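What you see is a predicted model, and the numbers here were worked out from it, not measured in a lab. Order of appearance sets the numbers: ligands from 1, and atoms from 1 within every ligand.
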Amino acid sequence: MRHFSTVLNGSIISDGSILSVVNPATSEIFATYNQGRSEHVDLAVEAADEAFKTWKALPDTERVEKINALASLLESNMPELIQLVTQETGKPINGLNGVGSIMEVGASIAWTQYTGTLSLSNDLLEDSDAAHVEVVRQPLGVVASITPWNWPLMIAIWHVIPALRAGNTVVIKPSPLTPISTLRFVELANTILPPGVLNVVVGEGDVGQALTSHPKVSKIVFTGSTATGKHIMQSASSSLKRLTLELGGNDAGIVLPDADVDNIIEKLFTAAFHNNGQTCACLKRLYVHESIYDKVCQLLAERAKSVKVGNGLEEDIELGPLQNELQFNKVKQLVEQAVQDGARVLAGGQPIEGVGYFYQPTVLADVTNGMSIVDEEQFGPVLPIIKFSNVDQAIELANDSPYGLGASIWSSDVNQAQQIAQLIESGSVWINDHGAIQPNAPFGGLKQSGLGVEFGEYGLHEYVSLKTVKVCK
Ligand code: NDP
């Protein structure tokens, strides 16, 4: 059994109780790590605070060199990282239409490389006889990153790399359910970065609380549930820390009557079911026009019945297990409730007997807003399909949610779809696709899906403060 170490201030820390991590496909322990405590948080933040003095003073080109070196190191360790991501998340190596751990590690490298190419220059506002006015971008200090269990390595990269690029130092706390790929990433990164620039502490409850309320933390970047995001916002208020919160979503898709149904089914299916629905920007409720409702329901149900579910280490598996017991029970309970409320099960609807948190890919018809399977983020392999009769009604139903992360419109009339996109209350709208994020486009949520954005220069700017420097002549 392999043991993974906590790295604080560039050194391996081996005190603290040893905890194990279970592969959710087999229920077997595959790795161990040292549990962190609040004392480790103090040590990590102190180390990051000290390292900030020299890291922020480096020329930007030197930080970019280190980030590029890190991308290369991740690339040369890809096979190991892919294996670890699959073991800790249950996510298949290849996955449904290529959405699996190879993609997670590949995207982690691509995002790292792309972040190195971004510009972080100052803005010259005025250079006149009267004054020279410049807006200077400066790093914030110690950034606390808190990550969830669904895309552990990729989300760690999304937090850590722009923070470092902008000249900040970082303490990351991964989910105790999936800490392993992050521990390995931090270990690798510490062979390139100066001590203290990137530190990791793994622990539950008190560790997250200690980190998010630490007076020397200047900014928190968090991906996870809306409920935890609200707690973190409270902790952050003690010293007015900056926040980027990427929280839950309950993304709607609207299929208009002119959509090319045969051609969009596979994309719709992947959007809803990849990673077993455990992605913040998965398609979680599908609104379909009444003229094509039966056909869309039937094709999606057929596809759900054909999916290969199993241990993600096997190459032809498309969907793995749910990542954890809590999530498994939540999905089971939401489907049971939906059936009691009158939902028609077109595919699946039950857990899969045996070892692991496996659940049948499930398609539900005859569901409506107001049912918990539609109103709540199910975060599982379940797609509720809702019938609508006119576009205004569909827009109203899609917007009838406290969430506003992503949404999609499916239509052969792109102009009409673009007009509808203006009326949708979400941070991203995709037309004839869903969840199609990219490293140069801002990604973030409206309403209770979050604060701020990630990716590209828009995201990089969340890790700097603006300072106006005016020379009066
Ligand atoms: P949480 O939001 O509770 O956990 C995410 C991370 O936050 C973990 O690292 C967790 O570690 C940490 N955390 C929890 N409480 C605090 C706190 N008070 N201060 C600092 N850190 C904290 O997600 P869950 O794992 O409980 O999942 C619950 C639901 O959240 C899911 O069913 C799903 O709907 C949604 N979710 C959304 C995600 C997204 O990508 N937007 C990702 C994952 C979940 P610990 O609990 O050990 O402290």
Identify, by atom number and element, the atoms of ligand 1 in contact range of Leu247, meaning under 4.0 Å from any of its heavy atoms.
41 (N)
Go through ligand 1 atom by atom and flag the ones less than 4.0 Å from a non-hydrogen atom of Pro148.
42 (C), 43 (C)
Taking atom 16 (C) of ligand 1 as the point of reference, which of Val331, Thr228, Leu245 owns the nearest heavy atom?
Thr228
Relative to each other, are the rings of Phe273 and Phe269 parallel, tilted or perpendicular (30° and 60° limits)?
parallel
Can you tell me how the ring of Phe379 sits relative to the ring of Trp149, calling it parallel under 30°, perpendicular over 60° and tilted otherwise?
perpendicular
Between Arg2 and Glu80, does any side-chain N to carboxylate O distance fall below 4.0 Å?
yes
Does an N or O from Thr223, backbone or side chain, lie closer than 3.5 Å to an N or O of ligand 1?
no
Element-labelled atoms of ligand 1 that are located less than 4.0 Å from some non-hydrogen atom of Ser175
9 (O)
Identify, for atom 28 (C) of ligand 1, the protein heavy atom at the shortest distance, and state residue, atom and that distance.
Ser225 CB, 4.1 Å
For ligand 1 and Thr147, I'd like to know whether there is a polar contact (N/O to N/O, distance under 3.5 Å).
yes
Salt bridge between Glu462 and Arg242, side-chain N to carboxylate O under 4.0 Å?
no
Atom 40 (O) of ligand 1: which protein heavy atom is closest, and how many Å away?
Asn150 ND2, 3.2 Å
Taking 4.0 Å as the limit for heavy-atom contacts, which would you say applies to Phe222 with ligand 1: side chain only, backbone only, both, or neither?
side chain
Restricting to salt bridge (charged side-chain N to carboxylate O under 4.0 Å, His left out), what partner residues turn up for Glu325, sequence neighbours left out?
none
At what distance is the nearest protein heavy atom to atom 39 (C) of ligand 1, and which residue and atom is it?
Cys280 CB, 3.6 Å
Can you report which non-hydrogen protein atom sits closest to atom 34 (O) of ligand 1, along with the distance?
Glu377 OE1, 2.6 Å
Is atom 9 (O) of ligand 1 less than 4.0 angstrom from at least one protein heavy atom?
yes
The answer for which part of Gln327 has a heavy atom under 4.0 Å from ligand 1 is side chain
Short check: is a protein heavy atom less than 4.0 Å from atom 2 (O) of ligand 1?
yes
Protein heavy atom under 4.0 Å of atom 30 (O) of ligand 1
yes
Salt bridge (charged side-chain N to carboxylate O under 4.0 Å, His left out) partners of Lys267, counting only residues at least two apart:
Asp433
Within the 4.0 Å heavy-atom shell around Trp149, which atoms of ligand 1 are there?
24 (P), 25 (O), 27 (O)
Under 4.0 Å from any heavy atom of Ile146, which atoms of ligand 1 are there?
6 (C), 7 (O), 9 (O), 12 (C), 20 (C), 21 (N)
Check whether the ring centres of Phe388 and Tyr287 lie less than 6.0 Å apart, and answer yes or no.
no
Tell me whether Lys219 forms a cation-pi arrangement with Tyr463, defined as NZ or CZ under 6.0 Å from the six-membered ring centre and within 45 degrees of its axis.
yes
